[in-house]
Undergrad: 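Quick one: the structure is below, and I'll ask about it shortly.
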Amino acid sequence: MEDEGGSLPGKSDFSAWYNDILWRAEIMDVRYPVKGIYVWYPHGFALRRHVYQRLRDLLDEADHQETLFPLLIPKHEFMKEAEHIKGFEEEVYWVTHGGTSELDVPLALRPTSETAIYPMYALWIRSHADLPLKLYQVVNTFRYETKHTRPLIRLREITSFKEAHTVHATWEDAERQVEEAVALYRSFYEQLCVPIIISRRPDWDKFPGADYTIAADAVMPDGRTLQIGTVHHLGDHFSKTFDITYEDASGEQQCAHQTCYGISERSIAAVVSVHGDDRGLVLPPSVAPVQIVIVPIIVGKREDEVLAHAAALEQELGAAGYRTKVDSRALRPGAKYYYWEMRGVPLRLEVGPRDIDAGTVMAVNRLGDKSAVDRAAIVEEVAAQLEQFRDRLRARAEAELAHKITLASSMEEIPGSVREGVAIVNWCGSEDCAGQIEKATGAALLGSEVRSQYVDPDGGPCVACRKAGRPALVGRSY
RNA sequence: GGGGCAGUAGGGUAGCCUGGUCCAUCCUAGAGCGUUUGGGACGCUUUGACGGCAGUUCGAAUCUGCCCUGCCCCA
């Protein structure tokens, strides 16, 4: 399949690096002949599968149920919620024909599924005993993006949209669900070792039809932010429109309150970008398609012995639950090292005659730490090594983020801050001041109520108008 | 949204300005055979390309137009 030939551009040229690593590490093939639509390579798809399994596990543990709604939404349902339409109408694909005959009801390819799901919720929900209802699905969605498309980041077909849609009795219950979702997303990104900044999107930037939106942003190597999760409190906007009501304990019909929250394959873009290096991917063990690669070092006449030894190792580690692979291809060991480093395998084990004689295995992790470990205790050794590797990866990413966040106490400081990262500024909350900040600095006001260990929640004078302000996130976003 | 630049084998390139000597260069990858294997092995043999459509021309990878696709910069 695809393989190296030349090498990866340095990560300091992030844009070139990103474009290259996607095919060199066999994540996505961008050569599909439709703009903004790309193909998953098997290795990328395996990574996707493990990432989404982490997400499914978290949701399932938190009493969500997986479901599946149709891709096609009839126009009259789609057009019901006014604000929602306004937010999406410019980017909806319409199916207008069946064969050569024009459809009497045009069908939208879902840009998101509220209007597919909520008419059914209206049928399903009768009583307070049906609440809360917490469903999710992982589906593709379509948006006719007019801006520059980019694999995994800005797509016309989002192939991997995990969207949860919950229904609650009261606004406060829904608010609690928003917080549960934020906590879920936090622990999801913790498993990916990707540090995030949580903030509340300004009103003009919230989800169309929501009361408010909480977002998770990652900071990419070039300092731009990537929105990698959103949680929306929908209030009763959609339930009023779609007539989602329930009978309360006293027999009264009440309007339900809703939330929805989503994560897309941008989560994978973040894993790739935050951890990768000049040699390729660096994957957290929790989602690496291959967690351990065993490279047999075949020298002279001991080939069969070495291969048998490698197979026994694979068997033992596989039985212990690790995704393990022996690379017995007819290549030089060095070529295999480069190959698996490009694909981000967390731990490499090398076994050759010397190791067999010494009763050891050479263990080298993807950050370059090398040690000889006891063959007899291999399962425990591997567990410890992977855990340590994950911790280092997380610490490295945290340090990188801490380095990219700077506090700016005046307008003049912001351009410097956002050149290679994000700025935290005090902001009074007015759209006017946000506009001034954006105009003067070329960066956007992304969120308020910033939740990050690097940000002091106490405020100060607004950088624009000097009235009382609170910390807000300013940066250039993807 | 505005403005650039580009598209040549699977990937990367030379050729384009100044049309013919290009049945298209080189690197890499792929296939076959052999010798190798503790950080990208080597030898021999071999497959494979001018984004699409139209136009100009005796003749187009090269010039013109449109379309598609991609990248960069600015908003």
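Chain letters run A, B, ... following the sequence lines, proteins first and then strands; every chain starts at 1. Computed from a predicted structure; not experimentally measured.
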Undergrad: Pick the C1' atom in rU13(B) and in rC27(B), then give their distance to the nearest Å.
TA: 8 Å

Undergrad: Should rC22(B) form a Watson-Crick or G-U wobble pair with both distances under 3.5 Å, which nucleotide is its partner?
TA: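 Answer to the pairing question: none, since rC22(B) forms no Watson-Crick or G-U pair.
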
Undergrad: Within this structure, what is the CZ-to-C1' distance between Arg343(A) and rG40(B), rounded to whole angstrom?
TA: 13 Å

Undergrad: Give a yes/no answer on whether the side chain of Arg24(A) brings an N or O atom under 4.0 Å of OP1 or OP2 in rG11(B).
TA: no

Undergrad: For rG38(B), does the base pair up with any side-chain atom of Asp355(A) as donor and acceptor (N or O, under 3.5 Å, distance only)?
TA: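 Flag set: donor-acceptor pair detected.
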
Undergrad: Indicate yes or no: does Glu305(A) engage Arg302(A) in a salt bridge with an N to O separation below 4.0 Å.
TA: yes

Undergrad: Need the pair for rC33(B). Rule: Watson-Crick or G-U wobble, both distances under 3.5 Å, any strand; none if unpaired.
TA: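 Matched rC33(B) with rG43(B) under the 3.5 Å cut-off.
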
Undergrad: With sequence neighbours left out, write down each residue that passes ring pair (Phe, Tyr, Trp, His ring centres under 6.0 Å) with Tyr93(A), or none if nothing qualifies.
TA: Tyr144(A)

Undergrad: Would you tell me whether Asn365(A) and Arg392(A) have side-chain atoms, one donor and one acceptor, within less than 3.5 Å of each other?
TA: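 No.
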
Undergrad: Below 4.5 Å, heavy atoms only, C-beta onward: do Leu445(A) and Glu438(A) meet side chain to side chain?
TA: yes

Undergrad: Using purine N1 to pyrimidine N3 plus N6-O4 or O6-N4 for Watson-Crick, or N1-O2 and O6-N3 for G-U wobble, each under 3.5 Å, what pairs with rC63(B)?
TA: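 rC63(B) is paired with rG55(B).
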
Undergrad: Can you see if the side chain of Thr146(A) gets near the phosphate of rG1(B) - specifically, an N or O under 4.0 Å from OP1 or OP2?
TA: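 Looking at the OP1 and OP2 atoms of rG1(B), one of them is under 4.0 Å from a side-chain N or O of Thr146(A).
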
Undergrad: Could you check which nucleotide pairs with rG7(B) in any of the strands shown, counting Watson-Crick or G-U wobble with both distances under 3.5 Å?
TA: rC68(B)

Undergrad: Does rG40(B) have OP1 or OP2 sitting under 4.0 Å from an N or O in the side chain of Arg279(A)?
TA: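 No, Arg279(A) has no side-chain N/O under 4.0 Å of OP1/OP2 on rG40(B).
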
Undergrad: For Arg354(A) and rU37(B), what is the distance between atoms CZ and C1' respectively, to the nearest whole Å?
TA: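 That distance rounds to 13 Å.
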
Undergrad: Sort out the partner of rA75(B) for me: Watson-Crick or G-U wobble, both distances under 3.5 Å, none otherwise.
TA: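 For rA75(B), the partner nucleotide comes out as none, under the 3.5 Å rule.
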
Undergrad: Using Watson-Crick or G-U wobble geometry with both distances under 3.5 Å, which nucleotide pairs with rC16(B)?
TA: none

Undergrad: Measure from CD1 on Ile297(A) to C1' on rA41(B) and round the result to the nearest Å.
TA: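 For the pair Ile297(A) CD1 and rA41(B) C1', the rounded distance is 14 Å.
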
Undergrad: Take atom C1' in rG4(B) and the same atom in rU47(B), then report the distance between them in whole Å.
TA: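 Rounded to whole Å, the distance is 39 Å.
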
Undergrad: Send over the distance from Tyr337(A) OH to rG38(B) P, rounded to a whole Å.
TA: 8 Å

Undergrad: For Arg390(A) and Gln191(A), does a side-chain donor sit closer than 3.5 Å to a side-chain acceptor?
TA: no

Undergrad: Which whole number of Å gives the distance between the C1' atom of rA61(B) and that of rG19(B)?
TA: 10 Å

Undergrad: Which nucleotide in the set rG11(B), rC71(B), rG39(B) lies at the smallest distance from any side-chain heavy atom of His148(A)?
TA: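 Nucleotide nearest to His148(A)'s side chain: rC71(B).
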
Undergrad: Starting the side chain at C-beta, find the nucleotide from rG40(B), rC72(B), rG38(B) nearest to Pro333(A).
TA: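 Closest of the options to the side chain of Pro333(A): rG38(B).
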
Undergrad: Would you mind classifying the nucleic acid contact of Gly368(A) as base, sugar-phosphate or nothing, using non-hydrogen atoms under 4.0 angstrom?
TA: nothing

Undergrad: Would Tyr338(A) count as stacking on rG40(B) if stacking means ring centres less than 5.5 angstrom apart and planes tilted under 30 degrees?
TA: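 Here Tyr338(A) meets both the 5.5 Å and the 30° conditions.
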
Undergrad: rG70(B), rA41(B), rG38(B): which one has an atom nearest the side-chain heavy atoms of Thr149(A)?
TA: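 That would be rG70(B).
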
Undergrad: Quote, to the nearest angstrom, the P distance that separates rC33(B) from rU21(B).
TA: 39 Å

Undergrad: Rounded to whole angstrom, note down the P distance from rG20(B) over to rU62(B).
TA: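 The same atom, P, in both gives a distance of 11 Å.
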
Undergrad: How many whole angstroms separate atom CZ of Arg332(A) from atom C1' of rC42(B)?
TA: 9 Å

Undergrad: Measure distances between side-chain N and O atoms of Glu341(A) and base N and O atoms of rG39(B), and say whether any donor-acceptor pair falls under 3.5 Å.
TA: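 It does, because a donor-acceptor pair links the side chain of Glu341(A) to the base of rG39(B) below 3.5 Å.
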
Undergrad: Can you check the Asp20(A) CG to rU28(B) P distance for me, whole Å?
TA: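 Rounding to the nearest Å, CG of Asp20(A) and P of rU28(B) are 18 Å apart.
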
Undergrad: May I ask you to check whether Gln291(A) and Thr324(A) show a side-chain donor-acceptor distance below 3.5 Å?
TA: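 The answer is no; no qualifying pair exists.
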
Undergrad: Could you work out the separation of rA14(B) and rA9(B) based on their P atoms and round it to a whole Å?
TA: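 Per the computed distance, 13 Å lies between those P atoms.
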
Undergrad: Using whole Å, report how far CD of Glu438(A) lies from P of rA75(B).
TA: 13 Å

Undergrad: With rounding to whole Å, what would you report as the distance between rG51(B) and rA6(B) at their P atoms?
TA: 14 Å

Undergrad: Say we look at rA31(B) and rG52(B): how far apart would their C1' atoms be, to the nearest angstrom?
TA: 31 Å

Undergrad: Looking only at the side chain of Asn19(A) (C-beta and beyond, no hydrogens), which of the listed nucleotides rG38(B), rC71(B), rU69(B) gets closest?
TA: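 Among rG38(B), rC71(B), rU69(B), the one nearest the side chain of Asn19(A) is rC71(B).
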
Undergrad: Expressed as a whole number of angstroms, how long is the span from Lys370(A):NZ to rG38(B):C1'?
TA: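 After rounding, the reported distance stands at 8 Å.
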
Undergrad: Rounded to the nearest 0.5 Å, how far does CG of Asp217(A) lie from OG1 of Thr225(A)?
TA: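 Reported to 0.5 Å precision, the distance equals 4.5 Å.
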
Undergrad: Can you establish whether the number of heavy atoms outside Lys325(A) located under 6.0 Å from its atom NZ is more than 12?
TA: no

Undergrad: Could you say whether Ala330(A) or Gly334(A) is positioned toward the 5' end of RNA chain B, judged by the nucleotide with the nearest heavy atom to each?
TA: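 The residue mapped nearer the 5' terminus is Ala330(A).
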
Undergrad: Remember a base hit wins even if backbone is also touched, and classify Arg476(A) as base, sugar-phosphate or nothing at under 4.0 Å, heavy atoms.
TA: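 Arg476(A): no heavy atom of the nucleic acid under 4.0 Å.
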
